[in-house]
Protein chains: 2
Amino acid sequence: MGYNTKQGEQIEGLLKATAGEHLTADEIVRRLAEGGNTVGKTTVYRWLDRLVGQGKARRFAGEKSESACYQYTGGAECRNHYHLKCLGCGRLLHVNCEYLDRVAEHILEHHGFVLNEEKTVLYGVCVECRTKKED
Amino acid sequence: MGYNTKQGEQIEGLLKATAGEHLTADEIVRRLAEGGNTVGKTTVYRWLDRLVGQGKARRFAGEKSESACYQYTGGAECRNHYHLKCLGCGRLLHVNCEYLDRVAEHILEHHGFVLNEEKTVLYGVCVECRTKKED
DNA sequence: TTGCGTGCAAAGGTTTTGCATGGCA
DNA sequence: TGCCATGCAAAACCTTTGCACGCAA
């Protein structure tokens, strides 16, 4: 199911190389073009859908009519930890932390709610953006 | 700043009355129409923007090209607790819990990250939807 | 009376789809 | 060869904006 193609490799490769950032479909087209690789926007959208379906990437809906951003998450290992996303720079932090694991247990026991770690993102501001603000 | 109008009251009223659910702009138009109150979609969007700005409502971006959903949060008090949103029924649970308050402290101390409780939503599945699935 | 609110129609922007062509296996 | 992938153009959608008219204060 699914062929390996030049475009697919380039899209996944770019996402992987910029895993700390988040990119819109448009930005992916532009960056690939800058690298000399022309890829149609339609193809970018189709590969992003596929990568999200495979759990290799993640989609972040934009505010209002902004474009959605996509970010590489790398697959299986990302299902076992938490994600902190910075509202300042967009960076996604991957946090392995037993304390946070216990949060899920607490929520289940005390609030009857099964936390979906894959769908949950904790929003806030990272250290870098915090110190930057103070300038 | 801002007049009180019939439409505004109806929109806020509907949102308040359905605080457990989440509605799209379209659904708001439809439900008001069913109640005999015709309100233009443009007006609905403008009031939703205002209510979100006032912290009275919250916007949840849809997947892909789905419409965004709006949900009544009631204002100031919602900034001091956590929100659990059910992926099954869309219900938003408001959780006041000292255990969860400590999560923010932990994240700051151990991960250098200032959690924004207002922007963060924990996704998962509520008790009702869990037992429903088992049928 | 003044200025904001309303709602229609139209525009704007993102994402999806149709279809002919190209490429992987 | 068979089937999927590609990419252009066009469509589909949600949301915003322009503008003339209506209503709140």
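Since this is a predicted model, take the numbers as computed values, not measurements. Naming convention: chains lettered A, B, ... in sequence-line order (proteins, then strands); numbering from 1 in each chain.
- Considering only side-chain N and O atoms, B:Thr43 lies under 4.0 angstrom from the phosphate OP1 or OP2 of C:dG7.
- One can place CD of B:Glu9 at 14 Å from P of C:dG5, the figure rounded to the nearest angstrom.
- One interatomic measurement links the two molecules: CD of A:Glu27 to P of C:dT14, which rounds to 11 Å at whole-angstrom precision.
- With a 4.5 Å cut-off between side-chain heavy atoms of Ile, Leu, Val, Met, Phe, Trp and Tyr, the cluster of B:Leu108 takes in B:Val114.
- Rounded to 10°, the helix from C:dT1-D:dA25 to C:dA25-D:dT1 has 40° between the axis fitted to its first five pairs and the one fitted to its last five.
- The phosphate of D:dC23 (OP1 or OP2) has no side-chain N or O of B:Gln7 nearer than 4.0 angstrom.
- Annotation: ring-ring contact (aromatic ring centres under 6.0 Å, His included) contacts of A:His106 (sequence neighbours excluded): A:His110, A:His111, B:Tyr99.
- Whole-Å rounding puts the A:Asp26 CG to C:dT15 P distance at 8 Å.
- Distance CG (B:Asn37) to C1' (C:dT6): 15 Å, rounded to an integer number of Å.
- For the pair A:Leu48 CG and D:dA5 C1', the computed distance is 15 Å after rounding to whole Å.
- Annotation: side-chain hydrogen bond (donor to acceptor under 3.5 Å, both in side chains) contacts of A:Asn37 (sequence neighbours excluded): none.
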What donor-acceptor contacts under 3.5 angstrom involve side-chain atoms of residues 24-31 of chain A, with partners at least two apart or in another chain?
unit_1, atom_1, unit_2, atom_2, d
A:Thr24, OG1, A:Glu27, N, 3.1
A:Asp26, OD1, A:Lys41, NZ, 2.7
A:Glu27, OE1, A:Thr24, N, 2.9
A:Arg31, NH2, A:Glu21, OE1, 3.0

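- A donor-acceptor distance shorter than 3.5 angstrom exists from the side chain of B:Lys85 to the backbone of B:Gly90, with no hydrogens or angles considered.
- Of the side-chain N and O atoms in A:Thr24, none sit less than 4.0 angstrom from OP1 or OP2 of C:dT14.
- Taking atom CH2 on A:Trp47 and atom P on C:dC24, their separation rounds to 12 Å, with Å as the unit.
- Under the side-chain contact (heavy atoms from CB on, under 4.5 Å) criterion, A:Val52 pairs with A:Ala57, A:Arg59, A:Tyr70, sequence neighbours left out.
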Margin query: At under 4.0 Å between heavy atoms, how does the protein contact nucleotides 15-22 of chain D? Give one character per nucleotide, 5' to 3', with B, S or -.
Written below: SBB-----

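- Not counting sequence neighbours, the partners of B:Asn116 by the side-chain contact (heavy atoms from CB on, under 4.5 Å) test are A:Leu87, B:Glu118, B:Lys119.
- Across all non-hydrogen atoms, the minimal contact from A:Tyr72 to A:Lys16 is OH-CE, 3.0 Å.
- Here C:dT6 presents its C1' atom at 15 Å from CG of B:Asn4, a figure rounded to the nearest Å.
- Legend: residues meeting ring-ring contact (aromatic ring centres under 6.0 Å, His included) with A:Phe60, ordered by chain and number and at least two apart, are absent.
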